[in-house]
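Order of the sequence lines fixes the chain letters, A, B, ..., with proteins taken first and strands second; residue numbering starts at 1 for each chain.
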Amino acid sequence: MFIVDRSEIVMILNNIGMLLELKGENFFKSKAYYDAARRIEVMEENLEELVRDDKLKDIKGFGKALTQKITELVKTGRLDYYNRLKASFPEGLFELLKIQGLGPKRISTLYNKLGICNIEQLKQACNEGKLLELAGFGRKTQAAVIKSIDDLDKYSNRYLYYQASEISDLIIKLLDENEYVIRCSIAGSLRRKKEIIKDIDIIASSEKPDDVMGFFTSLPMVTNIINRGETKTSVIMDEKIQVDLRVVGDKEYPYALHHFTGSKEHNTAMRHMAKDKGLKMNEYGIFDLDSGESADCRNEEEIFGLFDMEYIPPELRENNGEIKDALERALPVLVCDKDIKGVVHVHTRYSDGKNSIKEMARACMGLGYKYLGISDHSENAFYAGGLKRDQIKRQHEEIDQLNESSSDFMILKGIELDILPDGNVDYDEEVLSWFDFTIASVHSSFNMDMGKMTDRIIKALKNEFVTILGHPSGRLLMSRDPYRVDMDEIIAAASEERVILEINANPYRLDLDWRYCKKAKELGCKFAICSDAHSIDEIYNIPFGVNTARKGWLTKEDIINTGSYKSLKKEFI
DNA sequence: GCCGTTTTCGGCCCGACTGTTTTCAGTCG
């Protein structure tokens with residue numbers, strides 16, 4: 001039997017669903033493929049065994065056609081039907097689905113009436129006003145399409161933190177192993193843990209800079225060399241992201257690292273302070289303005305020490321009060337990965353997660369966590385398999401059983417409630433009282449005006465059963481703007497109502513934004529660093545949330561899931 | 001494409017919103 005990756009089968013089934021939609025087939029035909037993909041994704045049984053034993057057809061949702069197609073896929077690794085279907089459309093048509101406001105129907109119209117096969121052709125057609133000729137397309141639709149294409153362009157040279165850090169970790173590892181490199185580190189916005197990165201900055205010290213540059217430019221991931229100099233070399237890696245390497249002498253290394261870590265605003269403020277003390281500060285060193293004599297700092301700690309300051313962690317270097325506090329030795333001790341004691345906001349197979357409660361719990365235990373807060377979707381989120389009353393009861397029975405079998409790991413009963421457009425949540429008080437905690441989130445009607453959206457969320461915060469406000473801005477980094485909401489008012493209300501603010505650790509969300517954390521903390525808000533995991537893999541997202549919390553000046557005392565199970569339960573009362 | 005059945009086609013996917021319409025189609029979560 002051909003061994004084929006399960007995720008590959010899931011992808012193919014989903015693609016068939018989409019292609020059938022583009023073809024204009026009955027939606028329920030597509031849905032059968034989507035449903036099958038979803039079932040295979042969460043299936044506990046071994047798919048190969050099911051196919052071998054001819055048991056697939058006994059599972060609900062797998063009729064004659066799907067069983068035959070999946071069997072062919074599992075046995076041969078390919079599916080003739082899919083290949084033929086795919087070949088009947090131009091390849092670029094798929095990417096049109098990325099454009100907001102364009103679904104299968106409109107794409108099909110654009111293709112059939114105007115022959116548009118890709119984004120480039122679509123852009124041209126918009127510029128020529130051709131969309132206006134089509135029935136059902138008007139000026140606003142055309143303008144929205146143009147904006148969405150521009151947005152795609154705008155984000156095309158930006159990377160999420162996790163994407164950039166995967167590449168930079170590898171580069172640092174390779175440079176560390178190089179015999180000519182004395183010290184090296186990432187710098188720039190990546191070191192400051194910004195959520196979106198334009199390029200990767202790396203600083204290294206060496207006595208043989210040319211050899212280091214030679215090594216760097218010959219790395220297998222380098223697909224293009226933009227320029228190569230003695231101290232600075234820029235390359236493109238993996239055909240996309242720009243990486244700048246600066247090589248300096250080891251004496252200059254701490255100053256270069258500080259300088260190229262930035263931010264620009266932090267550096268400016270530092271230089272002002274240096275000047276007041278009769279010093280000049282740049283990437284090469286710190287010099288006495290009168291004598292020209294250079295300081296002798298061996299690392300960044302000593303640079304800050306020279307100014308009689310506490311060490312400022314890179315995350316705080318945004319000129320957001322860190323210099324004043326460092327001078328007063330009043331910087332917070334920032335929360336770190338090992339402070340996190342348990343995982344909150346986790347989805348399971350009960351709604352749209354890929355793993356069972358047991359599997360999620362085992363993964364958390366393996367990572368040393370002490371508790372897990374399950375929060376599947378609530379009833380209103382039918383698109384994500386939201387839980388009905390009887391499903392909640394079954395889930396709670398399962399959690400009780402699991403808790404009975406373990407003494408040093410506990411599972412909490414939670415739910416992710418939908419905040420409905422009117423600000424209510426989607427269960428009655430009786431059901432709400434069953435949970436240890438609830439996370440209330442906006443999942444629909446994103447386009448309200450600011451006043452209405454703010455009122456809507458505040459109404460939810462006033463609900464006595466709401467424990468945590470989930471992903472407060474609703475943003476998806478580089479693809480969806482936050483909804484229009486007065487975040488200051490939300491934070492004030494959360495503080496007033498003692499509702500915990502989520503820091504969603506999904507690298508596409510990182511929401512609440514770090515820019516609001518410090519302010520919220522000052523108002524007395526508490527935070528939960530939540531995984532929003534829909535699979536075991538996503539539990540590993542927690543450190544991205546920790547980054548956001550650190551950047552927002554938070555300590556472990558500000559975060560509810562840094563304490564014991566007992567103390568967490570108290571926070572939920 | 002699947003399911004169920006008072007066995008062979010009708011129902012399956014809800015609700016809000018937007019933009020295009022003049023009563024609704026398409027998209028999105």
Side-chain angles (χ1 to χ4, degrees), chain A residues 12-40 56-72 79 81-82 85 96-113 131-148 347 351-352 377-388 416-424 426 441-449 452-453 456 470-471 473-476 479-484 506 508-509 532 534:
Chain A
I12 289 174
L13 292 173
N14 278 323
N15 283 354
I16 291 175
M18 269 190 279
L19 288 166
L20 290 173
E21 278 197 82
L22 280 175
K23 215 174 152 191
E25 290 274 1
N26 177 352
F27 174 74
F28 295 102
K29 190 165 169 178
S30 291
K31 189 176 178 293
Y33 283 92
Y34 295 139
D35 288 347
R38 167 74 190 152
R39 286 198 174 94
I40 288 176
L56 198 59
K57 63 177 176 11
D58 301 334
I59 299 174
K60 198 168 140 68
F62 294 88
K64 206 171 150 194
L66 270 162
T67 301
Q68 181 271 319
K69 290 189 176 83
I70 293 162
T71 303
E72 183 182 333
L79 179 58
Y81 170 77
Y82 173 56
L85 187 63
L96 293 181
L97 284 164
K98 284 190 216 157
I99 291 165
Q100 295 285 314
L102 289 192
K105 292 270 165 57
R106 285 187 175 144
I107 291 172
S108 168
T109 307
L110 289 168
Y111 175 53
N112 291 323
K113 303 272 182 193
L131 266 60
L132 303 176
E133 299 164 10
L134 301 171
F137 286 79
R139 292 202 171 275
K140 286 196 177 175
T141 304
Q142 183 168 274
V145 167
I146 291 171
K147 183 180 181 305
S148 183
H347 296 265
S351 65
D352 60 347
H377 284 286
S378 57
E379 194 164 10
N380 189 65
F382 47 83
Y383 52 84
L387 269 55
K388 301 208 184 326
E416 183 175 16
L417 299 166
D418 265 22
I419 302 178
L420 305 174
D422 64 2
N424 286 313
D426 51 340
S441 311
V442 169
H443 288 125
S444 61
S445 307
F446 294 105
N447 273 329
M448 288 181 154
D449 69 53
K452 275 190 187 153
M453 184 61 99
R456 169 186 182 183
H471 41 75
S473 84
R475 73 176 179 190
L476 290 177
S479 64
R480 187 174 74 202
D481 287 339
Y483 28 72
R484 289 182 293 278
N506 182 308
Y508 289 84
R509 291 191 182 271
D532 202 354
H534 287 69

Atom [atom1] of [X] and atom [atom2] of [N]: how far apart are they, to the nearest Å?
X: A/I107; N: B/dG26; atom1: CD1; atom2: P; answer: 13 Å
X: A/K31; N: B/dG10; atom1: NZ; atom2: P; answer: 19 Å
X: A/K29; N: B/dC3; atom1: NZ; atom2: P; answer: 15 Å
X: A/D35; N: B/dG1; atom1: CG; atom2: C1'; answer: 10 Å
X: A/K60; N: B/dG1; atom1: NZ; atom2: P; answer: 18 Å
X: A/L131; N: B/dG26; atom1: CG; atom2: P; answer: 15 Å
X: A/D426; N: B/dG29; atom1: CG; atom2: P; answer: 18 Å
X: A/F137; N: B/dA25; atom1: CZ; atom2: P; answer: 15 Å

In whole Å, what separates the [atom1] atom of [N] from that of [M]?
N: B/dT20; M: B/dG26; atom1: P; answer: 14 Å
N: B/dG10; M: B/dG15; atom1: C1'; answer: 23 Å
N: B/dT23; M: B/dG29; atom1: C1'; answer: 25 Å
N: B/dC17; M: B/dC12; atom1: C1'; answer: 24 Å
N: B/dT8; M: B/dG4; atom1: C1'; answer: 10 Å
N: B/dG11; M: B/dT6; atom1: P; answer: 15 Å
N: B/dT5; M: B/dG1; atom1: P; answer: 23 Å

Sequence-distant partners of A/H534, ring-ring contact (aromatic ring centres under 6.0 Å, His included), two or more places apart: A/H347
Under 4.0 Å, heavy atoms only, any strand: does [X] hit a base, just the sugar-phosphate, or nothing?
X: A/K105; value: sugar-phosphate
X: A/T141; value: sugar-phosphate
X: A/K69; value: sugar-phosphate
X: A/L102; value: sugar-phosphate
X: A/N26; value: base

Listed partners of [X] passing side-chain contact (heavy atoms from CB on, under 4.5 Å), at least two apart:
X: A/F28; value: A/N26, A/K31
X: A/N15; value: A/M11, A/M18, A/Y82, A/F94
X: A/T67; value: A/L56, A/K57, A/F62, A/T71

Test item: A/R456 and A/S445 side chains (from C-beta on) under 4.5 Å apart, heavy atoms: yes
Derivation and outcome, side-chain hydrogen bond (donor to acceptor under 3.5 Å, both in side chains), residues A/E21 and A/Y34: CA-CA 11 Å; A/E21 278 197 82; A/Y34 295 139; 2.6 Å; yes
Euclidean distance, A/L19 CG relative to A/I12 CD1, rounded to 0.5 Å: 11.0 Å
Results of salt bridge (charged side-chain N to carboxylate O under 4.0 Å, His left out) for A/R475 - residues two or more places apart only: A/D513
What does the list of N/O pairs under 3.5 Å between the protein and nucleotides 15-18 of chain B look like, with a distance for each?
residue, atom, partner, partner atom, Å
B/dA16, O3', A/S445, OG, 3.4

Residue met sooner reading DNA chain B from 5', once A/A135 and A/T109 are mapped to nucleotides: A/A135
Pairwise 5' ranking along DNA chain B for A/H443 and A/G63, keeping only the more 5' one: A/G63
Paired nucleotide for B/dT8 [Watson-Crick or G-U wobble; both distances under 3.5 Å]: none
